[in-house]
Novice: 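A single structure is presented below for examination.
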Amino acid sequence: MPRFRLVLEELPAYRPGKAVVGSDGRSFKLSSNESPYDPLPSVVEAVAVAAREMHRYPDPACVGLTEALAGRYGVPVEHVALGAGSVTVAQQLLETVGEPGAEVIYAWRSFEAYPLLADLAGVTSVRVPLVDEAHDLEAMAAAVTSRTRLIFVCSPNNPTGTVSRADELTAFLDRVPEDVLVVLDEAYHEYVRDADVPDGVRVYADRPNVAVLRTFSKAYGLAGLRVGYLIGHEPVAAAVRKTMVPFAVNALAQAAAVASLAAEDQLLERVEAVVKERARVRDGLLGQGWAVPPTEANFVWLRLGERTMAFAERCAADGVAVRPFAGEGARVSIGSPEANDVLLAAAEAFGAG
Ligand code: PMP
């Protein structure tokens, strides 16, 4: 019997969202915050072209995509690092700081992968409870110790959709020691409409210990291809690049991401439509008597407590997959207008309680 690391025995499981089929055969997957749109033809075409070279290894340095991102954001290419999805970049970040005794601070509940990746990297998790479903940045700053190496600030927060605003973020960053890396996880940034929410790419510019994490999985609709990136100062981006598994970002993913940046206007129109649907869904739920925290992401959060799993089952019966967190609540992605209608009807039938 091979011997594995002890940490594997207690590793928290990552539970991916699964599709369900309703009694009438319909299926709406609102459990993984994906784009409800089919891929753009221009992106599919770029992938098809790249596929003709799939017997070759991809460009390990992702030069074309790195340059496209640097151009898109007006940052030096040295400030960009890529990974196979931003979850992998988060893992690489933990690898860069993972020494015995190192601590990572994050809000809880937040992105489910943080505790998993921290355990894997041998970094101790310090969880700071949300207050009113939002990050308590004061408490997070107070939790910093001499062992803290990394802090994740997830804004909008998965799964609650809440954001960290400019003034609180500035006060927080001013308190964090310069040898602690603060990662602004902005996986849902493109959906933000609140003008008080800072753009991490502006925030990092004059703070050497701040970096931004973004992804092509959500607004750009490339979840299945796995491309995420970090924008940070040269030493941070270089450290992340060193921890990348060679050739981690495959050739089709690189081509699709470059094509998506070229088609950004079209993709951002789709984001705008999702933002409109988000308002319709939240207003509908509020009208039914649900307490739905304001959300700046492509999902809503319903705090259901003990009713959570029953709610998920009720939705599944209508073919709607939501993401339940037993005993806490359910996260529901904004889908197509049809999917959202079915969700609203299921929520009404279940009752706000
Ligand atoms: N950060 C947050 C906050 C997320 O919700 C997700 C996806 N669920 C990710 C990062 C990772 O996304 P990906 O690996 O697809 O880029």
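As the structure is a prediction and not an experimental result, all values here were calculated from the model. Order of listing sets the numbers, starting from 1, for every ligand and every atom in it.
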Novice: Flag Gly85 as yes when one of its N or O atoms lies below 3.5 Å from any N or O atom of ligand 1, and as no otherwise.
Specialist: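 No, there is no polar N/O contact under 3.5 Å.
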Novice: What is the closest protein heavy atom to atom 6 (C) of ligand 1, and at what distance does it sit?
Specialist: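 Of the protein heavy atoms, Phe111 CZ, 3.4 Å lies nearest.
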Novice: Would you mind checking which non-hydrogen protein atom is closest to atom 15 (O) of ligand 1, with the distance to 0.1 Å?
Specialist: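 Result for atom 15 (O) of ligand 1: Ser217 OG, 2.6 Å.
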Novice: Any carboxylate oxygen within less than 4.0 angstrom of a Lys/Arg side-chain nitrogen, looking at Asp206 and Arg202?
Specialist: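 Looking at Asp206 and Arg202, the cut-off is not met.
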Novice: How long is the gap from CG on Asn158 to CH2 on Trp301, to the nearest 0.5 Å?
Specialist: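 Between Asn158 CG and Trp301 CH2, I get 9.0 Å after rounding to 0.5 Å.
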Novice: Is there a chain of hydrophobic side chains (I, L, V, M, F, W, Y, each step under 4.5 Å between heavy atoms) that links Leu344 to Leu304?
Specialist: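 Both belong to a single hydrophobic cluster.
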Novice: Could you check Arg109, Arg323, Arg307 and say which one makes a salt bridge (Lys or Arg N to Asp or Glu O under 4.0 Å) with Glu328?
Specialist: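 Of the listed options, the one satisfying the test is Arg109.
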Novice: Salt-bridged, Asp119 to Arg5, with N to O below 4.0 Å?
Specialist: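 No.
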Novice: So if I count the atoms of ligand 1 from 1 in the order they appear, which ones are less than 4.0 Å from some heavy atom of Cys154?
Specialist: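 With Cys154 as reference, the close atoms of ligand 1 come out as 3 (C).
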Novice: Can you pull out the closest protein heavy atom to atom 4 (C) of ligand 1? Residue, atom name and distance to 0.1 Å, please.
Specialist: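 Result: Tyr188 OH, 3.6 Å.
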Novice: Can you find a non-hydrogen atom of Ala187 under 4.0 Å from ligand 1?
Specialist: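 Within the 4.0 Å threshold, so yes.
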Novice: Same cluster or not: are Tyr73 and Tyr204 linked, directly or through other Ile, Leu, Val, Met, Phe, Trp or Tyr residues, by side-chain heavy atoms under 4.5 angstrom apart?
Specialist: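 Yes, Tyr73 and Tyr204 fall within the same hydrophobic cluster.
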Novice: For atom 16 (O) of ligand 1, which candidate among Leu222, Val227, Thr215, Asn298 provides the closest heavy atom?
Specialist: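 The option holding the nearest heavy atom is Thr215.
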Novice: So, is Asn33 polar-close to ligand 1, with some N/O to N/O distance under 3.5 Å?
Specialist: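 So ligand 1 has no N or O lying under 3.5 Å from an N or O of Asn33.
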Novice: Check the angle between the aromatic planes of Tyr114 and Tyr106 and answer parallel, tilted or perpendicular using the 30° and 60° thresholds.
Specialist: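 Tilted.
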Novice: For ligand 1, which atoms have a heavy atom of Asn158 less than 4.0 angstrom away?
Specialist: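 Taking each heavy atom of Asn158 in turn, ligand 1 has 3 (C), 4 (C), 5 (O), 8 (N) under 4.0 Å.
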Novice: So that I can tick it off, tell me whether Asp185 and Arg214 are bridged by a salt bridge, with the cut-off set at under 4.0 angstrom between side-chain N and carboxylate O.
Specialist: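 A salt bridge is absent here (no side-chain N lies under 4.0 Å from a carboxylate O).
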Novice: Provide, to 0.1 Å, the distance between atom 14 (O) of ligand 1 and the closest protein heavy atom, together with that atom's residue and name.
Specialist: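 Answer, as residue, atom name and distance: Arg226 NH2, 2.7 Å.
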Novice: Please classify the Ser86 to ligand 1 contact at 4.0 Å (heavy-atom distances, strictly less than): side chain, backbone, both or neither.
Specialist: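 Near ligand 1, Ser86 shows its backbone as well as its side chain.
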Novice: Looking only at protein heavy atoms, identify the closest one to atom 1 (N) of ligand 1 and say how far it is in Å.
Specialist: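 Atom 1 (N) of ligand 1 sits closest to the protein heavy atom Asp185 OD2, 2.8 Å.
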Novice: For ligand 1, which is the ligand I care about here, please tell me if Thr88 has any N or O atom under 3.5 Å from one of the ligand's N or O atoms.
Specialist: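 No, there is no polar N/O contact under 3.5 Å.
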Novice: Nearest to atom 8 (N) of ligand 1, what protein heavy atom do you find, and at what distance?
Specialist: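 The closest one turns out to be Lys218 NZ, 3.2 Å.
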Novice: Would you please classify the geometry between the Tyr229 ring and the Phe216 ring as parallel, tilted or perpendicular, with 30° and 60° separating the classes?
Specialist: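 Tilted, since the angle between the ring planes falls between 30° and 60°.
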